[in-house]
Number of protein chains: 2
Amino acid sequence: MQEKAKRPRRARRLPREVRERQILDAAVEVFSANGYHAASMDEVAEVAEVSKPMVYTYLGSKEDLFAKCIRREAKRLLDAVAEGVDTDMPPDMQLWSGLRSFFSFVGDNRSSWLVLHRQALSVGGSFAEEISQMRARSIELVAAVVVATGTRQGIGEEAEKSAEGLAAALVGAAESLAVWWLDHPDVSDGLLASWLMNLVWLGFGDLVKGEVWTPNFPAPT
Amino acid sequence: MQEKAKRPRRARRLPREVRERQILDAAVEVFSANGYHAASMDEVAEVAEVSKPMVYTYLGSKEDLFAKCIRREAKRLLDAVAEGVDTDMPPDMQLWSGLRSFFSFVGDNRSSWLVLHRQALSVGGSFAEEISQMRARSIELVAAVVVATGTRQGIGEEAEKSAEGLAAALVGAAESLAVWWLDHPDVSDGLLASWLMNLVWLGFGDLVKGEVWTPNFPAPT
DNA sequence: AAGTAAACCTACCGGCGAGTAGATTACGGG
DNA sequence: CCCGTAATCTACTCGCCGGTAGGTTTACTT
């Protein structure tokens with residue numbers, strides 16, 4: 001019987017700052033795996049290699065913790081995208097760069113993406129609100145690019161009015177493609193971005209030129 | 001003290017069939033409102049105006065209940081879309097009709113849509129699997145339409161290879177637009193479908209014709 | 001009217017998980 | 001080397017919720 005009791009049970013003490021980071025990392029992992037409600041604080045603590053009271057002491061309640069996860073990951077994502085986009089570029093290049101950055105981030109940070117995309121929306125209350133607003137902001141940014149293209153080329157009011165809808169569709173397409181990517185990882189982020197650009201930009205372009213698709217119902221005889 | 005005990009407490013007894021329907025309706029409502037985990041069986045019972053044991057007797061455990069919700073609502077959605085689509089129509093009209101039916105359904109059945117889109121994915125386990133598969137099937141159907149267009153017009157292998165990705169993007173765009181719709185209800189389902197067709201179909205068309213968008217990096221001097 | 005089966009309820013149990021009390025140990029400064 | 005403080009733990013409480021036991025009422029049948 002060796003005196004196991006004497007062995008230091010856990011890693012050496014670390015400054016609060018570091019622990020907080022560890023816990024947040026663990027929380028993102030746990031939340032992304034099974035969702036907010038299914039995640040337990042015990043599990044977070046375990047993954048973070050820390051005891052539960054530390055989690056509460058440093059990060060507060062479960063809601064607090066989740067909010068902090070969301071905000072941190074959202075900021076990381078937005079920063080990553082913003083970094084790749086230069087607002088002096090022409091609109092199509094802005095979109096292209098933004099998409100590449102987005103897919104690249106998702107590829108490197110699956111958990112972050114999952115926690116933002118899947119979990120945050122399914123938690124009623126203030127988070128959903130917050131996330132929705134952030135998503136809305138993204139959509140507005142995209143819409144701005146769309147409108148910029150339009151006005152530059154003399155877009156009609158009609159199309160401008162629908163710009164936000166189109167932007168929402170584009171954002172959704174990107175998100176969906178990101179999810180699809182999880183099951184088809186043998187594709188590069190650049191290729192994904194190309195697909196979307198080809199799908200969507202040419203559509204925008206035609207819209208701008210005034211070409212429209214209209215349903216041609218079979219003429220009733 | 002009037003003999004309140006004598007007053008029939010609840011609505012008249014109803015055949016099992018009817019009750020099951022009521023309970024399922026209530027469950028969809030409750031699950032869609034706050035998600036699977038946050039929903040309580042007591043709340044379902046209350047909304048259904050039935051006592052909890054009835055829920056268990058008729059629909060089984062919480063998981064069973066949720067699964068039955070998902071399956072029923074998914075079937076309703078798929079049927080609604082299928083009903084609007086005639087596979088003899090040309091591909092663009094198929095897409096158009098499908099999109100219209102989809103948006104129409106979502107407009108009429110918000111809870112169904114929410115429970116399918118938001119909640120089902122965030123519940124780990126067999127549901128997520130099931131839902132994912134169903135979504136994958138939808139994507140394949142769309143992909144088939146895309147490919148049909150392509151081959152008819154002599155599409156290249158490259159584009160065909162990416163058809164599934166494009167289909168995923170389109171499905172995602174539609175879903176996202178549906179969500180956007182919730183915040184902007186003053187738009188008709190037909191208009192939504194038009195937007196998407198204009199955005200996407202012209203893109204497909206150009207793809208088929210061999211036109212592609214390519215990033216033109218500023219030539220390094 | 002009596003019997004029976006199905007519809008329906010009240011009232012409870014057991015466990016899980018959020019959150020906490022309070023002791024304990026390591027590190028830095030004197 | 002010793003003390004204070006920050007870091008950290010063990011070990012609990014307590015409410016909520018999934019699930020159930022077992023009885024009661026209604027409605028149909030004969």
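Throughout, protein chains are lettered first and strands after them, A, B, ... in sequence-line order, and every chain is numbered starting at 1. Just so it is clear, the structure is predicted and the values come from calculations on it, not from any experiment.
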Counting any heavy atom closer than 4.0 Å, what does B/A39 reach on the DNA or RNA strands: base, sugar-phosphate only, or nothing? sugar-phosphate
Applied to residues 107-122 of chain B, the salt bridge (charged side-chain N to carboxylate O under 4.0 Å, His left out) test, sequence neighbours excluded, yields none
Students often get this wrong, so: under 4.0 angstrom with heavy atoms, is A/T57 touching a base, only sugar-phosphate, or nothing? nothing
Of D/dA7, C/dG19, D/dG19, the nucleotide closest to the side chain of A/S61 is C/dG19
Residue pairs fulfilling salt bridge (charged side-chain N to carboxylate O under 4.0 Å, His left out) with at least one residue in residues 20-37 of chain A, sequence neighbours excluded: A/R16-A/E20, A/R21-A/D25, A/D25-A/R72
With salt bridge (charged side-chain N to carboxylate O under 4.0 Å, His left out) as the rule and sequence neighbours excluded, what pairs involving residues 165-177 of chain B come up? B/R135-B/E175
Taking the side chain as everything from C-beta on, heavy atoms only, tell me whether B/S97 gets closer than 4.5 Å to B/R100. no
Every protein N/O within reach of nucleotides 21-25 of chain D N/O, cut-off under 3.5 Å:
| residue | atom | partner | partner atom | Å |
| --- | --- | --- | --- | --- |
| D/dT25 | O2 | B/R13 | NH1 | 2.6 |
| D/dT25 | O2 | B/R13 | NH2 | 2.6 |

Measuring from the side chain of A/S40 (C-beta onward, heavy atoms only), which nucleotide among C/dA18, D/dC17, C/dA7 has the closest atom? C/dA18
What pairs of residues pass the salt bridge (charged side-chain N to carboxylate O under 4.0 Å, His left out) test when at least one of them lies in residues 50-64 of chain B, not counting sequence neighbours? B/D42-B/K52
How is B/S51 classified with respect to the nucleic acid when contacts are heavy atoms under 4.0 Å: base, sugar-phosphate, or nothing? base
Side-chain donor/acceptor of B/K52 to base of D/dG19, under 3.5 Å: yes
I'd like to know whether the aromatic ring centres of B/F103 and B/W195 sit less than 6.0 Å apart in this structure. no
Quick note, B/Y56 side chain, CB onward, closest among D/dG19, D/dT8, C/dC9 is D/dG19
B/F102 and ring pair (Phe, Tyr, Trp, His ring centres under 6.0 Å): which single residue from B/W181, B/W113, B/W96 fits? B/W113
Pairing of A/R137 and A/E140 as salt bridge, 4.0 angstrom limit: no
Review item, nucleotides 28-30 of chain C N/O atoms under 3.5 Å of protein N/O:
none

